[in-house]
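First up is the structure itself, then whatever we jot down about it.
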Amino acid sequence: MILLDGKETAKTIRGELKAEVEALAPKHGRAPGLAVILVGEDPASQVYVRNKERACAEAGIISVPHKLPADTSQQELEKLISDLNTDETVDGILLQLPLPKGLDSQRCLELIDPEKDVDGFHPVNVGKLTLGLPGFRSCTPAGVMNLLERYDIDPSGKKCVIIGRSNIVGKPQALMMLAKNATPVITHSRTKDLKAECRDADILVAALGRPGFVTEDMVKEGAIVIDVGINRTEDGLKGDCDFDAVKDKVHAITPVPGGVGPMTIAQLLVNTVQAFKQHVNA
Ligand code: NAD
């Protein structure tokens with residue numbers, strides 16, 4: 001069994017980006033800049049933002065935090081996004097979700113300049129993904145594709161079953177797999193005989209948010225299993241797969257933690273450096 005080590009791969013990517021940034025920054029008089037907006041005190045979001053800021057620092061990217069109180073109005077948040085859109089030192093804008101109740105996240109996401117949308121959530125970038133045009137890709141599924149590539153796993157011709165149809169993971173994952181000539185199948189809570197679908201997968205991507213959901217009887221011998229799930233349980237962070245039950249049956253699998261999570265953050269850095277290069281015409 002091959003352990004797809006996202007933690008180590010992400011570290012390699014951060015090192016590569018650091019070298020790239022060190023070469024580019026002097027030529028353009030500044031390093032890439034990522035504005036990070038965090039509204040309210042959601043503990044999980046605070047952890048994510050801290051991890052993203054730390055990763056930026058390691059790659060030589062300047063992250064500028066904008067921490068706003070939970071009672072921030074829609075108008076104030078929109079004003080901040082508009083200001084960041086026109087700020088020449090800002091290459092990427094990250095709006096940490098979820099927003100506190102009463103704030104319209106879709107409206108805010110659509111306000112972000114697509115050229116600075118390093119999370120790849122703007123409809124323009126989602127449309128570009130659908131059309132196969134260059135643009136910013138959602139970080140989690142793009143991180144998964146990057147991880148597969150680094151382990152020389154070619155999705156071409158493989159049946160890829162994805163559990164979960166969210167806009168940030170399931171749907172874009174299917175399109176990215178399709179772009180690599182896989183045959184994607186998106187499954188969800190209304191799918192008939194989900195187990196049979198999963199058992200047929202050469203690549204199984206679990207992104208539903210149910211700890212230990214994928215059991216041994218749902219996995220084909222020799223499959224590649226990508227566990228996107230991050231579930232906080234009494235026993236700590238758990239993935240959507242029962243890792244111990246499936247690990248001896250699969251060809252390769254991502255651990256949780258240390259799999260897709262770090263790759264998601266690495267992809268954010270990749271996207272930010274890409275945004276910088278486009279912005280300064282590097
Ligand atoms: P979501 O809640 O938006 O979507 C979950 C999807 O799973 C839905 O489409 C739903 O139809 C499907 N689903 C739910 N129960 C199901 C069931 N019993 N059978 C089949 N399908 C079912 O979730 P999301 O934002 O896509 O996140 C999914 C998981 O991935 C969560 O655990 C989340 O924490 C994690 N996540 C991890 C990262 C990362 O960086 N590793 C990034 C994003 C999300």
Side-chain angles (χ1 to χ4, degrees), residues 4-10 13-14 36 42-55 94-99 105-106 109 118-121 126 129 136-148 160-177 184-201 204-215 217-219 225-233 235-243 253-271:
L4 302 171
D5 188 338
K7 194 175 170 191
E8 206 46 45
T9 308
I13 293 170
R14 288 195 299 274
V36 180
D42 180 63
S45 294
Q46 286 176 330
V47 173
Y48 289 139
V49 163
R50 211 177 309 133
N51 290 342
K52 288 170 188 175
E53 287 175 341
R54 205 176 294 146
L94 182 146
L95 177 62
Q96 185 64 45
L97 300 178
L99 293 177
S105 50
Q106 191 58 33
L109 291 176
V118 286
D119 255 337
F121 294 161
V126 177
L129 167 64
F136 294 112
R137 306 296 196 231
S138 178
C139 294
T140 298
V144 168
M145 301 312 289
N146 200 339
L147 186 63
L148 291 177
C160 174
V161 175
I162 298 150
I163 317 176
R165 57 174 159 184
S166 72
N167 289 334
I168 64 165
V169 188
K171 283 187 215 166
Q173 188 74 80
L175 289 162
M176 289 178 208
M177 287 289 178
V185 175
I186 304 182
T187 66
H188 47 81
S189 49
R190 307 272 181 94
T191 298
K192 265 195 231 164
D193 205 351
L194 182 75
K195 282 194 181 196
E197 291 290 350
C198 294
R199 267 198 304 271
D200 202 27
L204 180 63
V205 181
L208 71 157
R210 303 270 183 281
F213 182 86
V214 174
T215 45
D217 58 332
M218 294 170 74
V219 174
V225 176
I226 305 293
D227 192 347
V228 177
I230 298 180
N231 305 291
R232 282 172 177 67
T233 73
D235 303 323
L237 281 192
K238 294 281 171 208
D240 286 347
C241 298
D242 184 344
F243 183 91
I253 185 167
T254 59
V256 177
V260 177
M263 289 304 294
T264 296
I265 299 181
Q267 192 62 41
L268 173 72
L269 308 179
V270 170
N271 287 358

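Counting starts at 1 for both ligands and their atoms, following the listed order.
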Side chain to side chain contact (heavy atoms under 4.5 Å, CB included) partners for Asp200, two or more places apart: Lys159
task: Could you tell me which non-hydrogen atom of Thr187 sits nearest to which non-hydrogen atom of Glu197, and how far apart they are?
output: CG2-CB, 4.1 Å
- prompt: Any idea which heavy atoms bring Arg137 and Asn271 closest together, and the distance?
  reply: O-ND2, 3.1 Å
query: Taking atom types as modelled, is there a side-chain donor on Asp217 or Thr215 under 3.5 Å from an acceptor on the other?
result: yes
Using a cut-off of under 3.5 Å, which N/O atoms of ligand 1 pair up with protein N/O atoms, and what distance separates each pair?
| residue | atom | partner | partner atom | Å |
| --- | --- | --- | --- | --- |
| ligand 1 | 9 (O) | Arg165 | N | 2.8 |
| ligand 1 | 11 (O) | Ser189 | N | 3.4 |
| ligand 1 | 11 (O) | Ser189 | OG | 3.4 |
| ligand 1 | 15 (N) | Arg210 | NH2 | 3.3 |
| ligand 1 | 21 (N) | Ser189 | N | 3.2 |
| ligand 1 | 26 (O) | Ser166 | OG | 2.5 |
| ligand 1 | 32 (O) | Ile230 | N | 3.1 |
| ligand 1 | 32 (O) | Ile230 | O | 3.4 |
| ligand 1 | 34 (O) | Ile230 | O | 3.2 |
| ligand 1 | 40 (O) | Thr264 | OG1 | 2.8 |
| ligand 1 | 41 (N) | Val228 | O | 3.3 |

field: side chain to side chain contact (heavy atoms under 4.5 Å, CB included) involving Ile230 - partner list, sequence neighbours excluded
entry: Tyr48, Arg232, Leu237
Please tabulate, one pair per line, all N/O donor-acceptor pairs under 3.5 Å involving side-chain atoms of residues 161-177, not counting sequence neighbours.
| residue | atom | partner | partner atom | Å |
| --- | --- | --- | --- | --- |
| Ser166 | OG | Val169 | N | 3.0 |
| Asn167 | OD1 | Lys171 | NZ | 2.7 |

